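The structure under discussion appears below in the form of structure tokens.
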Amino acid sequence: KTRGLRSAFAARMQDNKTLFSMINNVLHTDAFYFATSYDLTHTLQRLANTSPEFQDLNLLERADPRFVWNGHLLRDFITQPEASSVNGKVFEWTIISRRSCFRAGARYYVRGIDSEGYAANFVETEQIVQYGGLKASFVQTRGSIPVFWSQRPNLKYKPKPQISKMANHLDGFQRHFDSQAVLYGRQVVLNLINQKGSEKPLEVIFDKMVTSLGNGMIKYIAFDFHKECSRMRWHRLQILLDMVTEMQDEFGYFLVDPDGNVLLSQEGIFRSNCMDCLDRTNVIQSLLARRSLQSQLQRMGVLHSCQKIEEQRDFEKTYKNAWADNADACAKQYAGTGALKTDFTRTGKRTVLGVVMDGWNSTIRYYKNNFSDGFKQDSIDLFLGNYSVDETDWVNPLHDIKDWKFFTLPVIMVVAFSMCIICLVMAGDTWTETLAYVLFWGTASVLTGGLILFNGPDFVDAPRLVQKEKLD
């Protein structure tokens, strides 16, 4: 009996080490920020519309809970204010991206929305510019397509998205946009996914939900980013910008004078999404933000009415790099690598090196999404309290027993492939004998690989603490 207790205690200690490593895994993620003198969780416009009592609260008490990760520890990323100069006038500008801790997780394990209407990978991005006591900001959001869908990893390069057939999509959709309308006002939804192939059903149901909801505060625009910009035709992004120019002018931006008087308010918001809400989304957001910044700088007297930001070479370079860094920060937290297409964000054009780097990052993403994101998801769930350790429960979900396929099939495939190579290098007495051996071991290798792909979900690193498919 004593030996059994010691064994159980040792197992518990080992489990605790694993749980602590999960916490460390999250804490060592790049781009955690907190501030003691500035409320990173609220936009300038929201802060300006608060009461004196609210201003007297400490930062933790008044913080927006959507962006608070474990109290004062904020999972935010911010580019520090850049002292920039245009026409000899020095101003500061900042990009703050606030990633929601509601429905948080890794790329393929958290998609769509939950029953409360919270969207996966929801990020509020605010661009702030300050000059001569004037402060202006422009806010955009991004978030997963707000219906009930999933895209679980299964060893395939691009798993097929699965739309739930049982869930009440319209109810979740309405909950999501009701909360968005309260927070931001009118919504222009920019859906950048492909309108063919595996992504098409998501575009169809998104359009259907907007039509069914019939909310006049929501404007839906579908723009097939990859089709329009194929063959390096990046200038065609101007088509989308031209479509939303009038709406962006109507929404405006937030502006406050040195005395704290609100001169302008932002009356609506652009909500952009692609599949991951990373690469394509960031390109579009940077273009919309540039247009708003130009208007703000002209209003402040930094730019002349006939000048454009693109013509200010030094600042344009700083601007592009800051938005590319913002893209990398968002992508590292959700997908595990820097963003794709940042060569366009940094330089304004696609480059061969950029395409090569995209291929490298895609390969790294494939490995992490299939073989390490389960641990990452568990780390986030434990960190946020989605899973609580019960000291009285000796049954631990970390003890996941794999069946025979997990160990046997990879060994057989490696042995068969090795034998195939050996038979090619060490040829037999006749070519027919060599061919027979190569065909035998090659066939065995291919068949075993096929079985592994067929049973792909059994081989990926899946979350153990919280079963997302049951919650969704």
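Keep in mind the model is a prediction, meaning the values are calculated, not measured.
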Ring center gap for Phe102 and Phe122 short of 6.0 angstrom: no

Donor-acceptor list for residues 237-247 side chains, cut-off 3.5 Å, not counting sequence neighbours:
residue: Gln238; atom: NE2; partner: Asp242; partner atom: OD1; Å: 2.9
residue: Thr245; atom: OG1; partner: Leu241; partner atom: O; Å: 2.7

Geometric class of the Trp323/Tyr319 ring pair [parallel <30°, tilted 30-60°, perpendicular >60°]: tilted

Tyr131 and Lys89, any side-chain heavy atoms less than 4.5 Å apart: yes

Parallel, tilted or perpendicular: rings of Phe177 and Phe206 (30°, 60°): tilted

Electrostatic pair Glu124:Arg99 at N-O distance under 4.0 angstrom: no

Asn326 versus Ser97, side-chain donor and acceptor atoms under 3.5 Å: yes

Polar side chain donor-acceptor pair, Tyr220 to Asn191, under 3.5 angstrom: yes

Derivation and outcome, salt bridge (Lys or Arg N to Asp or Glu O under 4.0 Å), residues Glu116 and Arg103: CA-CA 10 Å; Glu116 298 298 319; Arg103 192 158 177 76; over 6 Å; no

ring-ring contact (aromatic ring centres under 6.0 Å, His included) partners of Phe251, counting only residues at least two apart: Phe270

Candidate pair Thr141 and Arg271, rule side-chain hydrogen bond (donor to acceptor under 3.5 Å, both in side chains), full reasoning: CA-CA 5 Å; Thr141 61; Arg271 184 198 190 277; 5.1 Å; no

Parallel, tilted or perpendicular: ring planes of His169 versus Phe148, cut at 30 and 60 degrees: tilted

Set of side chain to side chain donor-acceptor pair (under 3.5 Å) partners for Ser137, sequence neighbours left out: Glu126

